[in-house]
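Heads up, the thing below is written out as structure tokens.
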Amino acid sequence: MAKDILQRIVSSGIKGIKKADLKKAYKDCDNMLERLEKNGQVFIEKKGTAYFVWSKENYIGYLTQNDPRCKLVLDMVTGPSQSTAKKAHTNLREAQTISNDFTARNNDFQTIFNKCLNESGTSMGWTSFDKVREKICDIHNLSKEKFYTLASDLIDKNRERYEVSSGGQEGIIVRGLVHGYVRNV
Amino acid sequence: MYAYRLETNPYPSSPTPTQMDAKILGGKRHKEAKSAILECIKELHGKVCGRDAATGDFRVITVIQDVGSGKTHLALHIKNLQGRHNIACSFVDLSTISPKTMSSIYNAILKGFENEFFVQLRAKFLEYLQERAEQGDNIAKKAIDYTFVNKLTGLTIKEKVNDIIKGKEQVSVAHLNTFLHQRLNNFESTFIKSVITNSFSSISNLEELIGMMSSISKLTQRFLGKIVLFEMDEFDGNKESIEFVKGIINAHIPASILLLISTPSGYIEVQNANPSVFDRLEKANYKIDLVGSNSKEELAEIAVEYIKHNDKNDRFGSKEQEELSEKIQLLCDQFPEFRNVRSLINILYHTMEKSDELELQEIDESAIDDAIKQTYPGLKVRGSIMGIPISDFIAIARSCDNNTEKELKEAVNNLTSFACQMGDICKLEKKSLPLDLVYQDSSGAKIGLAISNNDSDLDEISNVSRSLVDKLVILTNRKISSPNNATIVNVDKSKMVDLIYFNNKYTRKKIEEADNEKAKNLAKTLCII
């Protein structure tokens, strides 16, 4: 029965379920609820004239939605993305998806970047960053900042595959110097 | 005494290389570049040997790479070898000439030769005069001022010439002029007269400059049997420099090699400023690309070479070389600041000084750490959450590849224990779950944590844990495919070093208050809290 009760409480979401409704469905559930409450599996609170029951995740969700102080404290302790376990889980999933997207985008960027270097370099492969940036940003609708973030990241992670050289009007910063030239090695 | 029982610090400390520093050349790429230049010298030498050089006997070499990559060092090293390879070399740093007039460039070229070059050329030409005089050439006799009185007193022509060479006697400039103009062209006469009298007149235009450079190389080939290597450093888009270079390339100065040193930015400046000169450079006989000159392997080889060269007591064996090489490569990996020859040599110079001060037998992590603190104050290990000192970073990172999954598990276990002590999580019994740790996070969610490097374990972990934990975190240091219900945290080298560093401190009970926040951040990064 405990499993059924818990299931019912969980399924009621962050609105919670009236204790009276539970009693209607499960006679003599008081002891069971008391035990679950002791274990921290459910939370009971008086709302108006009625008692409501929540599962722990839903209760945190309820609190964070209805009590700004609680939300604030939780945000401070666990970070804004982890206000509830469920939310945290979702956020992590999202973060993972974003991270995967970013990796995919990075791979795309690498291909485009390499292609551009091969097309516009001198005989030794050197080309200026501004030329590459203009080409890539135009075609792929990237901002200048985004381009240099992606380029710096790519070069930093593949130091043996790219060489950068100081000089030029724009580029990536290494040792406090603008390195405006790049090539694939 | 320095590390490896060296009597002197093997590393130079000057911000740019001097000719003295350039006696040592290390690194595969740099040695390959050196071979290419020597090959060019050998080839041209073979071609002009035994005959007068013609306009086709001219070569262009370009050396292009970023600042601090060892180009100037290479050029000076070649200059140091001139005696061994039958060349006379003039090294000119174009950045030190301002304004870049033809006259100032000519003066710089003359100064770029060793003094010994002029001494030899003077002596050889005077010997030639002696031969001519002994064969009865009256103008030659007059040029060396060999008089009837000299003959009466028993002074031979040879003795007279020797006195001139030693500076005891002087030539007759007027007769020397006559002698020279009968045998040499105007520029050659002017140059050799300047060498004999040690008084160089200035020039005023490109034509004269080219004429003088041609004279230098022709007379060097004729009297010394050498070809001339003109090394022009810091060549860039400067208009005067380009005009000068274009002139000498077009003039095909016989029996000579023009070695142009530039950076990629300088080279692209030339491309934009003067496409025709750029085209000539693109068609250079030898295009030396110091690609990879700043790779960590190359830098380590260069660093090792300096010590090897100075190791008179055989204290720097292969084991020591390997160890130092590893440390340097780690340093280069972690600090892009040191990823060029100049910066690395600077650090190693200071490290060697530290080794002397601390009486170290070898360069160790602490000496490197001290040197970095001294020369780059405030420099931190990038991406280190624990704020790990450089010496610890090097020591841990060196052993990182040998760390087993067991060590990683121990470190993670201790980090969770720490988080538990800090009240961030509450450890639970893992029972028979195929997990390494089970705990409750601050929001009450039940977290299962597994450390795995194996794809095949993941499915089991994922399946069994799905219904029993709210969140599954898998720590791994490999690329593994992510099961649907798990958060994969990649423990890269930097995180691994942080973990081991934390663990060392934790097990030795050395965690200080300042470390608490850092350790918490580390736990957050690993999705533990």
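Chain naming here is simple, since letters A, B, ... match the order of the sequence lines and numbering starts at 1 in each. From a predicted model like this one, the values you see are computed outputs, not experimental measurements.
Salt bridge annotation for B/E297-A/R159: absent, with no cationic side-chain nitrogen under 4.0 angstrom from a carboxylate oxygen.
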request  = Assess whether salt bridge (charged side-chain N to carboxylate O under 4.0 Å, His left out) is satisfied between A/K157 and B/D492, documenting all intermediate values.
outcome  = CA-CA 12 Å; A/K157 283 184 181 152; B/D492 58 17; over 6 Å; no
ask   = Please walk me through it: do B/R339 and A/V174 pass side-chain contact (heavy atoms from CB on, under 4.5 Å)?
value = CA-CA 10 Å; B/R339 263 196 164 226; A/V174 184; over 6 Å; no
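The two atoms that bring B/D66 and A/V164 nearest to each other are OD2-O, 3.6 Å, heavy atoms only. When all heavy atoms of A/E163 and B/G292 are compared, the closest pair comes out as OE2-N, 2.6 Å. The two residues A/K56 and B/G444 have their closest heavy-atom pair at NZ-O, 3.2 Å.
In terms of non-hydrogen atom pairs under 4.5 Å with chain A, the most contact-rich of B/V67, B/I447, B/I268 is B/I268. Chain B forms more heavy-atom pairs under 4.5 Å with one residue of A/G40, A/G125, A/S166 than with any other, namely A/S166.
For B/S69, no part lies under 4.5 angstrom from a heavy atom of chain A. With a 4.5 Å cut-off on non-hydrogen atoms, B/Q271 touches chain A through its side chain but not through its backbone. No part of B/E298 comes within reach of chain A, as not one of its non-hydrogen atoms sits under 4.5 angstrom from that chain. When heavy atoms are compared at a cutoff of 4.5 Å, B/I288 approaches chain A solely by way of its backbone atoms N, CA, C and O.
Between atom CH2 of residue A/W126 and atom OG1 of residue B/T263 there is a gap of 9.5 Å, rounded to the nearest 0.5 Å. Taken from OG in A/S165 to CG in B/N294, the straight-line distance is 9.0 Å, to the nearest 0.5 Å.
The 12-atom threshold is not exceeded at CD of B/E429, counting heavy atoms of other residues, nucleotides or ligands nearer than 6.0 Å. Atom CG of A/N141 has 12 or fewer heavy atoms from other residues, nucleotides or ligands within 6.0 Å. Under a cut-off of 6.0 angstrom, the local environment of OH in A/Y51 is sparse, with at most 12 non-hydrogen atoms contributed by other residues, nucleotides or ligands. Atom NZ of B/K287 sits in a crowded spot, with more than 12 heavy atoms from other residues, nucleotides or ligands closer than 6.0 Å.
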